[in-house]
J.: 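Pasting in a structure now, in structure tokens, and then I'll have a few things to ask.
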Number of protein chains: 2
Amino acid sequence: MTDVSKTRDTRLLIVETALRLFAENGYNRTTMRAIAQEAGVSVGNAYYYFASKEQLIQGFYDRIAELHGHACAEVFGADASFAGRLRGVVLAWVDVAEPFHEFGKQFFVNAADPESPLSPFSDESAPIREATIALFREVIEGSDVKLDPELREELPRALWLYLMGVVLFWVHDRTARQARTRMLVERTVPLIGKLAGLSRLRMLRPVSREVAALIADLSRPTPAEGP
Amino acid sequence: MTDVSKTRDTRLLIVETALRLFAENGYNRTTMRAIAQEAGVSVGNAYYYFASKEQLIQGFYDRIAELHGHACAEVFGADASFAGRLRGVVLAWVDVAEPFHEFGKQFFVNAADPESPLSPFSDESAPIREATIALFREVIEGSDVKLDPELREELPRALWLYLMGVVLFWVHDRTARQARTRMLVERTVPLIGKLAGLSRLRMLRPVSREVAALIADLSRPTPAEGP
DNA sequence: GTCTATAGCAAGATAGAC
DNA sequence: GTCTATCTTGCTATAGAC
């Protein structure tokens, strides 16, 4: 066995053991000692692969993102309306994340730290973030929605922000199967759809232009401070 | 000296020492040992008053809320336009929180935990939350804005949510004096003002009605699950 | 480069005596 | 209410086997 595949195996073993223990006992109550012991490796070895306990969470994100991508492919094949596709993509996230809700909450809490590489806004999260934004681009482009062109360019990013808001709500949701989050989605998606449709009206043009410009400015990295 | 005032004194001594050390060295780098030592009490005694280090943060929230309330009184005396008052209230928060930005970030991260009493959505946070919502009610009622009556009732709560969004942005803001957050406020407040003004238009009535109904439903506590 | 074993630190938190 | 002593756990460090 080569070193490369050994590395991959050990890494995978550790991350899967960790996810299992997290699911069983929660994040905080699962110690690095327990993960190492259960995986049959030493604590030092676990830290050789993962710089901190937090880093193990990245494996969780990757898995959710992968499952979400698959689920969205079905949505895109089945629905051609803007609101329908948007609803499908967001609810697909809720479905995919459902089994992880109990302990997944813990993860997203840690992600709230802006210093953390786990923050959805961090450079390290860029790949997953951009992949998700691409899903929203597909929501728009595969649909029949008519949009102010300037808004069309920036809307996927705005919808990603909307998803982040839904996730924040999801984290705080204690209802069974996150019913309240689903309700939020069912009721906000039509609103977004209506407003998007109205964005081409002359009266709302300045508003939609300013929204588009704002999103564009915000997604640009902060310019360096002058000397 | 009665036990009651002894309790209050010790409690106050601990929380003030903690806030001072947090300001000097940051939250994470300030240990409970250091707080206890500096306050001249034992670690165990500090834990007698505060169940965890996190609990000490409540003192920070209280202080911010108090300062914010004072700052808003000035705003209300000086401006009669809806957008002007809204801008004033939100920027007052940014001003008041500015000295605490460096270490204050840490606090809000811990507040992201839905289980935590420090979450802005928790029952324990209700007093501060309702006080802030009352500020937004005053923004509306002291102004000349014309609103769909159903929206008027629920808008303060929606504006509080907007403030929470601004706070989230503020937490991630690394620009000097949180310039980016201020820019966000300067640009979103006019948008909110415009949309609020348009809410009475026949064409947007259904949208504003649904927004109001949604806010109302969401602010109602979760109904118990059926048997 | 991959991994084990072990010792030890720092700091949050708790138990139980007074 | 207060203290001392102790526990727990995330994390680091080191020495060395393969």
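All chains are named by letter (A, B, ...) in the order of the sequence lines, taking the proteins before the strands, and each is independently numbered beginning at 1. Computed from a predicted structure; not experimentally measured.
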J.: Can you check the Gln37(A) CD to dT6(C) P distance for me, whole Å?
T.: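 Roughly 13 Å, once rounded to whole Å.
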J.: Which residues, if any, of residues 16-25 of chain B bring a heavy atom under 4.0 Å of DNA chain D?
T.: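 Output list: empty, so none.
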J.: Using side-chain contact (heavy atoms from CB on, under 4.5 Å), reason through Arg129(A) and Ile133(A) one step at a time and then give a plain yes or no.
T.: CA-CA 6 Å; Arg129(A) 182 171 64 243; Ile133(A) 291 172; 4.1 Å; yes
J.: Identify the residue among Leu56(B), Thr31(B), Thr30(B) that makes a side-chain contact (heavy atoms from CB on, under 4.5 Å) with Leu21(B).
T.: Thr30(B)
J.: Is the shortest heavy-atom distance from the side chain of Phe136(B) to the side chain of Tyr162(B) under 4.5 Å?
T.: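 They are not in side-chain contact.
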J.: Please check: side-chain N/O of Arg85(A) versus main-chain N/O of Glu138(A), any donor-acceptor pairing under 3.5 Å?
T.: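 Such a contact is found between Arg85(A) side chain and Glu138(A) backbone.
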J.: With a 4.5 Å limit on heavy-atom distance, are the side chains of Val185(B) and Arg182(B) in contact?
T.: no
J.: Taking C-beta and beyond as the side chain, do Trp160(B) and Pro156(B) meet within less than 4.5 Å on heavy atoms?
T.: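 SC-SC contact between Trp160(B) and Pro156(B) ruled out.
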J.: If every non-hydrogen atom of Val75(A) is compared with every non-hydrogen atom of Val89(A), which pair is closest and at what distance?
T.: CG1-N, 4.2 Å
J.: Between Val43(A) and Gln37(A), is there a side-chain heavy-atom distance shorter than 4.5 Å?
T.: no
J.: Where along nucleotides 2-18 of chain D does protein come under 4.0 Å, by heavy atom, of base (B) or sugar-phosphate alone (S), with - for untouched nucleotides?
T.: BBB----BBBB------
